[in-house]
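Reading through the structure tokens given below for one structure.
Only this structure's heavy atoms are used, side chains among them; waters, hydrogens and symmetry mates stay out.
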Amino acid sequence: MSKKLAYKRNMKKNLLYMDAANFINKFFPFWEKQWNIKTAGKRVRHFCNLVEKSGFTLVAFLDDTNVTQEAIRKWRKRRETEVKKKKRNVPQGAMRLVGDMFRCCGIEVRYSVDADNDDTLAYYAHVDGAMVLSADRDFLRYKGASYQLFKGYNEFKNKQLVLTPQDGTRKSAYRDILPSPPKTATDRDPFKCKMNGIYLRGSPSPVPELGNLHIRLRPLRAALYAHLDINSTIEEEFPVLMNGICVWDKTNVLPNDSYIDLLESPLKAVEEFRNILPQKPMHVSNEDWWKHEFALRSIIAEICCSYSGSTFLGTLQPLLDNMKKPVKIDKREKKSGRDRKERQVSHYRAWRRLQRTEETNMEKRERYMILFPDLLE
């Protein structure tokens with residue numbers, strides 16, 4: 001088998017089951033300074049067009065929630081790392097956003113409800129005779145699996161989808177394919193707390209030193225609890241940064257309808273809660289602050305769409321349209337700074353070549369900084 005296989009359009013129906021979460025960075029690249037859901041939507045649409053032209057029938061599989069203890073442990077560890085490093089590579093609710101984008105393109109989306117998404121996808125791919133698109137080598141562990149596994153894709157010159165077979169080896173222990181069909185849903189429900197009494201989320205912002213935004217928006221969530229006729233307390237748990245250490249804040253929350261009117265107006269909710277947020281600290285970059293503002297709107301959209309029954313994507317987009325773009329440094333200022341730095345380095349190197357001493361370069365540099373403190377930063 002060749003390393004890359006291109007499938008022609010005239011082939012009969014080919015089922016391709018995609019582990020969509022595994023390719024989130026294809027649609028929200030980690031190197032982008034701003035999250036742009038319109039651009040992400042275009043990338044999803046382009047991918048879906050490639051799939052159709054190549055003769056595939058695509059189904060996107062996503063996790064509805066972490067089910068197994070192993071999955072929860074891994075999830076907690078990743079969230080703690082994000083808080084300590086003050087990083088957030090993908091937006092709050094990215095998987096649900098991508099799920100909505102696939103559905104807008106007419107693609108079937110299945111959220112794994114009561115089993116690990118790998119187990120769910122492996123079962124249906126095996127039973128339906130589908131191919132699996134995922135870079136996760138855990139799909140190699142299922143005993144007797146009949147599916148072909150592909151770890152990636154590219155676009156061929158003639159606009160065909162090129163799949164790259166998985167050539168790695170199994171790293172985890174063998175596992176049986178589930179004996180019966182696991183339950184799936186067409187949309188993600190982030191408020192299963194109405195059934196199990198637990199609401200567990202991560203840190204949605206790269207500015208955790210200002211607190212977890214989920215905690216800031218607790219009154220709006222309490223109003224949703226009241227709307228859902230929840231009569232008992234909900235145990236909410238979120239990671240927070242305290243003295244450079246990530247700790248988990250756990251609080252019991254009672255339903256409260258004080259803010260229930262804001263559930264009907266996401267834009268008013270943004271105005272209300274934005275006014276009580278701390279101002280942007282000087283050390284926080286414009287890009288990170290923009291992501292912080294994005295996260296605020298994303299959480300509000302998630303809560304409000306659970307009240308209205310609308311889509312997450314459709315609720316969030318209007319909230320982002322009024323956001324101010326991050327302030328960018330003028331190109332001339334960038335060039336000026338670059339030229340100044342180049343002049344500083346050139347002066348230092350020319351001076352260093354003239355020094356006929358036995359000093360090391362580090363010692364010469366220290367002496368240079370004493371002689372010319374304003375020329376080299």
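Sorted by first and then second residue, the salt bridge (Lys or Arg N to Asp or Glu O under 4.0 Å) pairs with a member in residues 295-313 read Arg201-Glu302, Glu293-Arg297; sequence neighbours excluded. Under the side-chain hydrogen bond (donor to acceptor under 3.5 Å, both in side chains) criterion, the residue pairs touching residues 228-243 are Arg76-Glu237, Arg218-Glu236, Arg221-Glu236, Tyr225-Glu236, with sequence neighbours excluded.
No hydrogens or angles considered: a donor-acceptor pair under 3.5 Å links the side chains of Ser172 and Asp138. With no hydrogens or angles considered, a side-chain donor-acceptor pair links Asp249 and Thr251 at under 3.5 Å. There is a side-chain donor-acceptor pair under 3.5 Å between Asp119 and Tyr142. A side-chain donor-acceptor contact under 3.5 Å links Ser134 and Asp19.
Residues Val109 and Val98 are not in side-chain contact: their nearest non-hydrogen atoms beyond the backbone lie 4.5 Å or more apart. The shortest side-chain heavy-atom distance between Leu210 and Trp289 falls under the 4.5 Å cut-off. In this structure, the side chains of Lys84 and Ile245 stay at 4.5 Å or more apart for every pair of heavy atoms. Inter-residue side-chain proximity for Glu108 and Phe102 is flagged as unmet; no heavy-atom pair is nearer than 4.5 Å. Side-chain contact check for Leu62 versus Ser112: every heavy-atom pair is 4.5 Å or farther apart. Taking 4.5 Å as the limit, every side-chain heavy atom of Ile234 sits out of range of all side-chain heavy atoms of Ile198. Inter-residue side-chain proximity for Val240 and Pro208 is flagged as unmet; no heavy-atom pair is nearer than 4.5 Å. Here the side chains of Trp248 and Glu80 are in contact, with some heavy-atom distance below 4.5 Å.
Ion pair Arg188/Asp63 not flagged as a salt bridge, since none of the NZ, NE, NH1 or NH2 atoms sits closer than 4.0 Å to an Asp/Glu carboxylate oxygen. In this structure, Asp288 does not pair ionically with Lys86, as no charged nitrogen and carboxylate oxygen lie closer than 4.0 Å. Under the 4.0 Å criterion applied to side-chain N and carboxylate O atoms, Lys38 and Asp321 are assigned as salt-bridge partners. Salt bridge status for Glu32 with Arg43: present, with a side-chain N to carboxylate O gap under 4.0 Å. Between Lys151 and Asp167, at least one side-chain nitrogen of the basic residue sits less than 4.0 Å from a carboxylate oxygen of the acidic one, meeting the salt-bridge criterion. Between Asp187 and Arg103, at least one side-chain nitrogen of the basic residue sits less than 4.0 Å from a carboxylate oxygen of the acidic one, meeting the salt-bridge criterion. Between Asp176 and Lys143 there is a salt bridge, since at least one side-chain N of the basic residue sits less than 4.0 Å from a carboxylate O of the acidic one. The residues Lys159 and Glu155 are annotated as salt-bridged, a charged nitrogen and a carboxylate oxygen being separated by less than 4.0 angstrom. A salt bridge links Arg79 to Glu82: at least one charged side-chain nitrogen sits closer than 4.0 Å to a carboxylate oxygen.
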Would Trp75 and Leu200 count as a side chain to side chain contact (heavy atoms under 4.5 Å, CB included) if you check the C-alpha gap in whole Å, the side-chain angles of each, and the deciding distance to 0.1 Å? CA-CA 11 Å; Trp75 179 87; Leu200 173 66; 3.7 Å; yes
Set out, in order, the CA-CA distance, both residues' side-chain angles and the distance that settles side chain to side chain contact (heavy atoms under 4.5 Å, CB included) for Ser298 and Phe312, then state yes or no. CA-CA 9 Å; Ser298 179; Phe312 179 36; 3.4 Å; yes
Steps toward side chain to side chain contact (heavy atoms under 4.5 Å, CB included) verdict (Lys171, Leu140): CA-CA 8 Å; Lys171 297 181 71 175; Leu140 295 169; over 6 Å; no
Report the C-alpha distance between His214 and Phe238 in whole Å, list the side-chain angles of each, state the deciding distance to 0.1 Å, and finish with yes or no for ring-ring contact (aromatic ring centres under 6.0 Å, His included). CA-CA 8 Å; His214 285 294; Phe238 313 109; 5.2 Å; yes
side-chain hydrogen bond (donor to acceptor under 3.5 Å, both in side chains) assessment of His283 paired with Glu209: CA-CA 11 Å; His283 70 276; Glu209 58 266 42; 2.7 Å; yes
Evaluation steps, side chain to side chain contact (heavy atoms under 4.5 Å, CB included), between Val132 and Phe150: CA-CA 6 Å; Val132 174; Phe150 298 89; over 6 Å; no
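Remark: Glu264 pairs with Tyr307 by the side-chain contact (heavy atoms from CB on, under 4.5 Å) rule, at least two apart or across chains. The side-chain contact (heavy atoms from CB on, under 4.5 Å) search around Ser258 returns Asn256, not counting sequence neighbours. Residues that satisfy the side-chain contact (heavy atoms from CB on, under 4.5 Å) test with Lys87, not counting sequence neighbours, are Lys85.
In this structure, NZ in Lys291 is found 12.5 Å from CG in Asn286, a value given to the nearest 0.5 Å. The structure places CH2 of Trp35 at 11.0 Å from CG of Leu320, a figure rounded to the nearest 0.5 Å. Summarising the geometry, atom CG belonging to Asn212 is positioned 8.5 Å from atom OG belonging to Ser205; distances are rounded to the nearest 0.5 Å. Rounding to the nearest 0.5 angstrom, the gap separating the SG atom in Cys48 from the CD1 atom in Ile107 is 4.0 Å. The CG atom of Leu220 sits 4.5 Å away from atom CD1 of Ile303, with the distance rounded to the nearest 0.5 Å. Summarising the geometry, atom CD belonging to Glu52 is positioned 12.5 Å from atom CG belonging to Leu161; distances are rounded to the nearest 0.5 Å.
Phe30 belongs to a hydrophobic cluster whose other members, connected by ILVMFWY side-chain contacts under 4.5 Å either directly or through intermediates, are Trp31.
The two atoms that bring Ile230 and Pro255 nearest to each other are O-CG, 3.0 Å, heavy atoms only. Here the closest heavy-atom approach between residue Leu224 and residue Ser306 is recorded as CD2-CB, 3.9 Å. For Arg137 against Gly168, the heavy-atom pair with the smallest separation is CD-CA, 3.9 Å.
With hydrophobic clusters built from ILVMFWY side chains whose heavy atoms lie under 4.5 angstrom apart, Met323 shares a cluster with Val90.
Taking the six-membered ring where the residue is Trp, Phe294 and Trp290 present tilted rings, their angle falling between 30° and 60°. The aromatic rings of Phe23 and Tyr153 sit tilted relative to each other, their planes meeting at an angle between 30° and 60°.
A cation-pi geometry, defined here as NZ or CZ lying under 6.0 Å from the six-membered ring centre and within 45° of its normal, holds between Arg170 and Tyr174. Cation-pi geometry between Arg216 and Phe273 is not met at under 6.0 angstrom from the ring centre and within 45 degrees of the axis. Tyr17 carries Arg110 over the face of its six-membered ring, with the cationic atom under 6.0 Å from the centre and within 45° of the normal.
Distance alone, capped at 3.5 Å, places no donor-acceptor pair between the His126 side chain and the Ala145 backbone.
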